[in-house]
Amino acid sequence: MADWLPARDFNLRHTLECGQYFRWRRDGDGYVVQSADRCFRVSQKGDRLLFEGEDGWFLQHFFSLDHDLREIRGAIDHDPVIREALDRYWGLRLIRQDPWECVASFVTSIASNIPRITRNIEDMARETGESMERFDRRVFIFPRPERLAPEGVLRRLKLGFRAAYLEQAARLAAAGMLDDITCANLGDARDSLMCIPGVAEKVADCVLLFGFGRLDAFPVDTWIRKAMTRFYFRNRRTSDDAIRTFANERFGGFAGYAQQYLFVHARENWKELSQRPIPKRSETTKIIRVSKAARVRELVDAVLAER
DNA sequence: GCCCAGGAGTACT
DNA sequence: AGTACTCATGGG
């Protein structure tokens, strides 16, 4: 590898393989990663991130190395459940995705699974995207919205009912729909995104979290729903809205980080976790270390003010 | 054959 | 505000 970055409190494998991102593949002891027209090779040796193909500034931004993970931990580490997830997957950071690719990826994710989503996205890139030669291989750039294949072609690529959503989302994105989202507050941004066909609460929250850096967004998918109801609601059926409200109250401005740690923890360890007794109310409603709301607020303001 | 997968949209109460 | 059904496709 040609260059390196210091990367403390960072775990490349957890960050790439936790399920938040789809455009990577294993390559030797590292990975080849794509984002829009970028493509780089990366591996980790201790606290060093070795890379080539793009500059360090891009990687630093892409992997959110500017986030103070220890302060984030301090803000969300309030109970045994999230603590175990933080311990097992320490170093997982949210990836800053390209907004349009993020919309397309999570519309593609509807009622699907990670291997298939990855394949669908690669097929769309191969179909209409431009390509370039990188690391002795041809890599395909995911198409800008103007270039995404029409519904009929997407159906041939086995996108199923998502094909029509993707075509319309691409038309809106090409018209500039995503350009002003960052200016809006969370509720307005969410409502705007949900005007896109194929984007409801869950996909909107994924786009806000992964595509627009809204660290307070808390996507409720099947895994989070299953894990949260079991660990925090005594396995009682609970609405997604109630789950989100609970998460925002407990984890504050970094709820999105808590979501990703809980998601990968639940998805990878469910067999073990589901064999444990269902936690009683007192075990999960009692907060281990109460951090003052004002302190959390301060951290949130500092992080959000950075952009 | 069944059921489920990082759901959304629609038509019902 | 909750419920049931449908929408493709693939994998267990």
If you check every side-chain atom of [X], which of [options] has the closest atom?
X: A:A200; options: B:dG9, C:dT9, B:dG6; answer: B:dG9
X: A:R155; options: B:dG6, B:dG9, C:dA8; answer: C:dA8
X: A:F263; options: C:dA8, B:dA8, B:dG6; answer: B:dG6
X: A:Q20; options: B:dA5, B:dG7, B:dG6; answer: B:dG6
X: A:N113; options: C:dT9, C:dA8, B:dG6; answer: B:dG6
X: A:I114; options: B:dG6, B:dA8, B:dA5; answer: B:dG6

Does [X] reach a base, just sugar-phosphate, or nothing at all? Heavy atoms under 4.0 Å.
X: A:R162; answer: base
X: A:G198; answer: sugar-phosphate
X: A:R237; answer: sugar-phosphate
X: A:K158; answer: sugar-phosphate
X: A:P197; answer: sugar-phosphate
X: A:V203; answer: sugar-phosphate

Using whole Å, what does the distance between atom [atom2] of nucleotide [N] and atom [atom1] of [X] come to?
X: A:R119; N: B:dG6; atom1: CZ; atom2: P; value: 13 Å
X: A:E201; N: C:dA1; atom1: CD; atom2: P; value: 12 Å
X: A:R156; N: C:dT9; atom1: CZ; atom2: C1'; value: 16 Å
X: A:I110; N: B:dT10; atom1: CD1; atom2: C1'; value: 15 Å
X: A:Y21; N: B:dG6; atom1: OH; atom2: P; value: 19 Å
X: A:I121; N: C:dG10; atom1: CD1; atom2: C1'; value: 16 Å
X: A:L166; N: B:dG9; atom1: CG; atom2: P; value: 12 Å
X: A:L159; N: C:dG10; atom1: CG; atom2: P; value: 11 Å

Upstream residue (5' side of DNA chain B) when A:R116 and A:M194 are each assigned their closest nucleotide: A:R116

Interatomic distance, A:D205 atom CG to A:F218 atom CZ [nearest 0.5 angstrom]: 9.5 Å

Nearest non-hydrogen partners of A:C39 and A:E54, listed with the distance: N-OE2, 3.2 Å

Inter-nucleotide P distance (B:dC3, C:dA4), Å rounded: 15 Å

Nearest-angstrom distance, P atom, C:dC5 to B:dG6: 24 Å

B:dA5 OP1/OP2 closer than 4.0 Å to side-chain N/O of A:S109: no

Charged tip of A:R23 within 45° of A:F142 ring normal and under 6.0 Å: no

A:F106 aromatic ring stacked with six-membered ring of B:dG6, 5.5 Å and 30°: no

Close aromatic pair by centroid cut-off 6.0 Å: A:Y21 and A:Y31: no

Side-chain (A:S109) to main-chain (A:F106) donor-acceptor, under 3.5 angstrom: yes

A:N269 versus A:R88, side-chain donor and acceptor atoms under 3.5 Å: yes

